[in-house]
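In what follows, chains carry the letters A, B, and so on, assigned in the order in which the sequence lines appear, proteins first and then strands, with residues in each chain numbered from 1. Everything numeric here is computed off the predicted structure, so don't read it as measured data.
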Amino acid sequence: MTARTLYDKIWDDHLVEEAADGTCLLYIDRHLVHEVTSPQAFEGLRLTGRKVRAPQKTIAVPDHNVPTTLDRANAATMTEDSRIQVAALDKNAKDFGINYYPVSDVRQGIVHIVGPEQGWTLPGMTVVCGDSHTATHGAFGSLAHGIGTSEVEHVLATQTLIQRKAKNFKVEITGHLLPGVTAKDITLSVIGATGTAGGTGYVIEYCGQAIRDLSMEGRMTVCNMAIEGGARAGLIAPDEKTYAYCMGRPHAPKGAAWEAAVAYWKTLFSDDDAHWDKVIALKGEDIAPVVTWGTSPEDVLPITGVVPSPSDFTGGKVDAVQRSLDYMGLTPGQKLSDIKIDTVFIGSCTNGRIEDLRAAAAILKGKKKKDGIRAMVVPGSGLVRAQAEEEGLAQIFLDAGFEWRLAGCSMCLAMNPDQLAPGERCAATSNRNFEGRQGRGGRTHLLSPAMAAAAAITGHLTDVREMMTETV
Amino acid sequence: MDKFTKLTGIAAPMALVNIDTDMIIPKQFLKTIARTGLGKNLFDEMRYTLDGAEIPEFVLNQPAYRHAEILVAGENFGCGSSREHAPWALLDFGIRCVISTSFADIFYNNCFKNGILPIVMPQDVVDALMEDAKKGANARQTIDLEAQTVTTSDGRVFPFQVDSHRKHCLINGLDDIGLTMEKANAIDSYEKKAGSLRPWA
């Protein structure tokens with residue numbers, strides 16, 4: 001048998017049909033649904049009298065619009081249009097009989113955090129959702145990617161997706177990460193190296209010792225931003241850590257079925273002589289804590305760097321950088337660590353898991369945010385929130401002057417009331433620094449949870465390693 | 001879905017690279033449960049001031065391009081979020097074709113589901129089409145999907161590639177779901193086979 005990559009293997013095991021021109025019908029094991037990209041799809045089913053083919057494989061949770069303030073049970077905390085979208089998901093979940101975690105359920109949270117947490121996401125599966133950050137689930141060695149609303153309707157009706165196979169892209173992170181460097185720094189550094197279109201047409205497999213060393217939470221952070229590099233999906237081969245994470249989760253197999261599943265999962269790796277269409281390697285030791293300075297996730301530099309000049313670039317990027325600097329209110333040559341911030345946002349499907357909160361709390365313990373800084377922590381799910389409270393992390397955030405919120409997407413995309421004002425500058429653990437992403441005119445610097453915590457203390461972008469030296 | 005066969009229309013130049021879906025349709029307009037009505041908010045934050053006045057410099061606010069049907073854009077058009085509201089907004093405005101050196105994967109897929117043709121061309125061709133588009137409303141370009149060509153206002157013809165299945169669906173205005181549902185037998189037998197190999201899934 002020819003040598004295959006992990007992507008090849010998952011693809012082959014989900015192929016329903018391949019047409020002569022290479023158009024394929026791919027079977028979908030798990031379909032995650034949220035309130036923003038699904039109403040038109042369910043409406044399409046109603047108009048054509050179609051049903052959801054596999055409701056037991058379809059899981060819905062409202063996350064984008066939901067308020068994260070403690071009073072959110074009060075409907076007045078939502079705008080009318082947000083309320084309508086969430087109510088539509090309530091109704092669609094009920095009418096079509098799909099698995100559902102409503103806002104009132106403690107298990108509610110960001111769809112990409114809930115899926116793994118509940119054991120819906122398992123190695124070797126195909127997972128889709130009308131959301132680009134579906135890439136997150138690739139951390140389990142499942143082929144996971146975002147789809148549009150028409151495709152949501154297609155999957156609801158047929159449990160399949162029309163696809164052409166992407167190419168194989170190997171991203172290897174060798175060696176070990178230095179103290180203060182996290183999964184977020186890996187994924188941002190990869191995008192910095194490849195550009196936001198570098199992965200277009202590819203599925204990335206992240207491998208190498210530094211990836212193996214990451215926890216499942218860290219691996220989810222890495223895969224989450226594969227889409228920011230343009231890739232259809234990001235993958236990490238499953239291993240003992242993956243099995244340990246999945247074991248005992250509510251929807252993971254049990255008993256003999258578990259044993260059979262693990263035996264299958266152990267076949268999910270790229271063969272030694274598999275063919276790669278593109279390969280890059282970064283040394284773990286070369287990766288520094290990074291921040292973004294512009295309005296594209298590829299605009300990333302080590303915190304020790306300075307704001308670049310448009311003349312450092314070529315082609316269409318020259319004008320784009322000038323536009324970014326104008327928007328961000330930055331001057332070439334300015335030290336990144338001199339950039340003052342107004343707000344700190346810790347949360348999102350990129351960095352809203354328990355390990356992220358632990359990393360931020362480790363920096364904040366016994367310290368206070370700088371006066372005048374608005375700082376909030378939005379756990380990725382109700383269960384992450386409960387665990388953080390049990391571990392005493394919530395108290396550390398509250399003592400440091402942070403708001404301790406309920407679960408949701410929140411200020412990552414500002415569809416709920418958590419938004420930046422024009423000109424407000426935010427250190428954010430989320431995934432996109434696009435113009436207006438966190439609120440019109442808002443200025444976003446992407447970074448890791450530990451770096452966000454450091455910035456909250458000093459009031460400016462800060463090298464977290466300096467604070468770690470202090471505490472040693 | 002409307003068929004796409006041949007289109008002659010005004011092409012608007014947008015040379016900016018990495019135009020993301022947050023720019024195409026900002027999140028406050030995603031709170032709709034309909035597919036229509038988004039055209040007035042296409043490129044909202046680039047097109048209007050905070051108080052809702054038009055920004056005259058923005059290309060689609062210029063008299064020559066208010067009725068554009070083609071966009072010629074910088075690389076990596078449509079990057080970011082999977083929101084299909086982006087092609088819905090383009091379509092509602094009247095854009096039926098976008099030409100760039102590259103598109104983000106999900107946006108590219110979403111276009112075909114809505115009767116919009118995204119065309120990938122090499123940099124020198126995009127540069128030529130961009131220059132042609134800058135001539136204004138009298139410089140109309142022609143997109144011929146059947147022949148797979150773009151013709152500039154002064155008659156230069158550039159061929160393009162498109163996937164045969166997608167071309168077939170666009171030309172005939174076909175609904176993917178109907179086509180796939182005809183394959184129910186194949187899906188049934190896949191489910192049977194996979195159900196015994198991987199029962200936990």
Using non-hydrogen atoms only, which part of [X] is less than 4.5 Å away from chain A: side chain, backbone, both, or neither?
{"X": "B:Ala86", "answer": "neither"}
{"X": "B:Ala201", "answer": "both"}
{"X": "B:Leu50", "answer": "both"}
{"X": "B:Leu16", "answer": "side chain"}
{"X": "B:Ile106", "answer": "side chain"}
{"X": "B:Ala186", "answer": "both"}
{"X": "B:Asp127", "answer": "neither"}
{"X": "B:Asp44", "answer": "both"}
{"X": "B:Arg35", "answer": "both"}
{"X": "B:Tyr108", "answer": "neither"}

Residue part contacting chain B, namely of [X], when any heavy atom lies under 4.5 Å:
{"X": "A:Thr149", "result": "both"}
{"X": "A:Thr196", "result": "both"}
{"X": "A:Ser82", "result": "both"}
{"X": "A:Lys254", "result": "neither"}
{"X": "A:Pro297", "result": "neither"}
{"X": "A:Ala414", "result": "both"}
{"X": "A:Asn65", "result": "side chain"}
{"X": "A:Ser296", "result": "side chain"}

I'd like to know if the side chain of [X] pairs up with that of [Y] as donor and acceptor (distance under 3.5 Å, no hydrogens or angles considered).
{"X": "B:Thr142", "Y": "B:Thr151", "value": "no"}
{"X": "A:Ser132", "Y": "B:Ser82", "value": "no"}
{"X": "B:Asp144", "Y": "B:Thr149", "value": "no"}
{"X": "A:His133", "Y": "A:Glu228", "value": "yes"}
{"X": "B:Tyr190", "Y": "A:Glu17", "value": "no"}

Looking at chain A, which one of [options] has the largest number of heavy-atom pairs inside 4.5 Å, strictly under?
{"options": "B:Gln28, B:Glu84, B:Glu75, B:His165", "result": "B:Glu84"}
{"options": "B:Asn110, B:Asn114, B:Asp22", "result": "B:Asp22"}
{"options": "B:Leu179, B:Val17, B:Ile33", "result": "B:Ile33"}
{"options": "B:Lys183, B:Arg83, B:Gln123, B:His85", "result": "B:Lys183"}
{"options": "B:Asp105, B:Ile187, B:Asn18", "result": "B:Ile187"}

Could you check whether [X] pairs with [Y] (Lys NZ or Arg NE/NH1/NH2 to Asp/Glu carboxylate O, under 4.0 Å)?
{"X": "B:Arg47", "Y": "B:Glu57", "result": "no"}
{"X": "A:Asp13", "Y": "B:Arg198", "result": "no"}
{"X": "B:Asp176", "Y": "B:Lys113", "result": "yes"}

Do side-chain atoms of [X] reach the backbone of [Y] as a donor and acceptor pair under 3.5 angstrom?
{"X": "B:Arg140", "Y": "B:Ser153", "answer": "no"}
{"X": "A:Asp29", "Y": "A:Thr126", "answer": "yes"}
{"X": "B:Gln141", "Y": "B:Asp132", "answer": "no"}
{"X": "B:Thr21", "Y": "B:Ser81", "answer": "yes"}

request  = May I ask you to check if B:Arg166 and B:Phe112 form a cation-pi contact, with NZ or CZ under 6.0 angstrom from the six-membered ring centre and within 45° of the axis?
outcome  = yes
So which of [options] has the largest heavy-atom pair count under 4.5 angstrom toward chain B?
{"options": "A:Val152, A:Ile227, A:Leu25", "result": "A:Leu25"}
{"options": "A:Thr37, A:Thr79, A:Ile147", "result": "A:Ile147"}
{"options": "A:Arg440, A:His154, A:His64, A:Arg50", "result": "A:Arg440"}
{"options": "A:Met125, A:His251, A:Glu435, A:Arg232", "result": "A:Arg232"}
{"options": "A:Ser150, A:Gly315, A:Ala231", "result": "A:Ser150"}
{"options": "A:Gln56, A:Glu298, A:Arg53, A:Gln419", "result": "A:Arg53"}

Working for side-chain contact (heavy atoms from CB on, under 4.5 Å), residues B:Ile116 and B:Cys97 = CA-CA 5 Å; B:Ile116 297 175; B:Cys97 174; 5.8 Å; no
request  = Measure the acute angle between the ring planes of B:Phe107 and B:Phe77, then classify it against the limits of 30° and 60° as parallel, tilted or perpendicular.
outcome  = perpendicular
request  = Check each of A:Thr444, A:Asn433, A:Asp418 against A:Gln438 using the side-chain hydrogen bond (donor to acceptor under 3.5 Å, both in side chains) test, and report the only one that passes.
outcome  = A:Thr444
inquiry  = Give me the atom names and distance for the closest heavy-atom approach of B:Arg66 to B:Phe93.
reply    = O-CZ, 3.5 Å
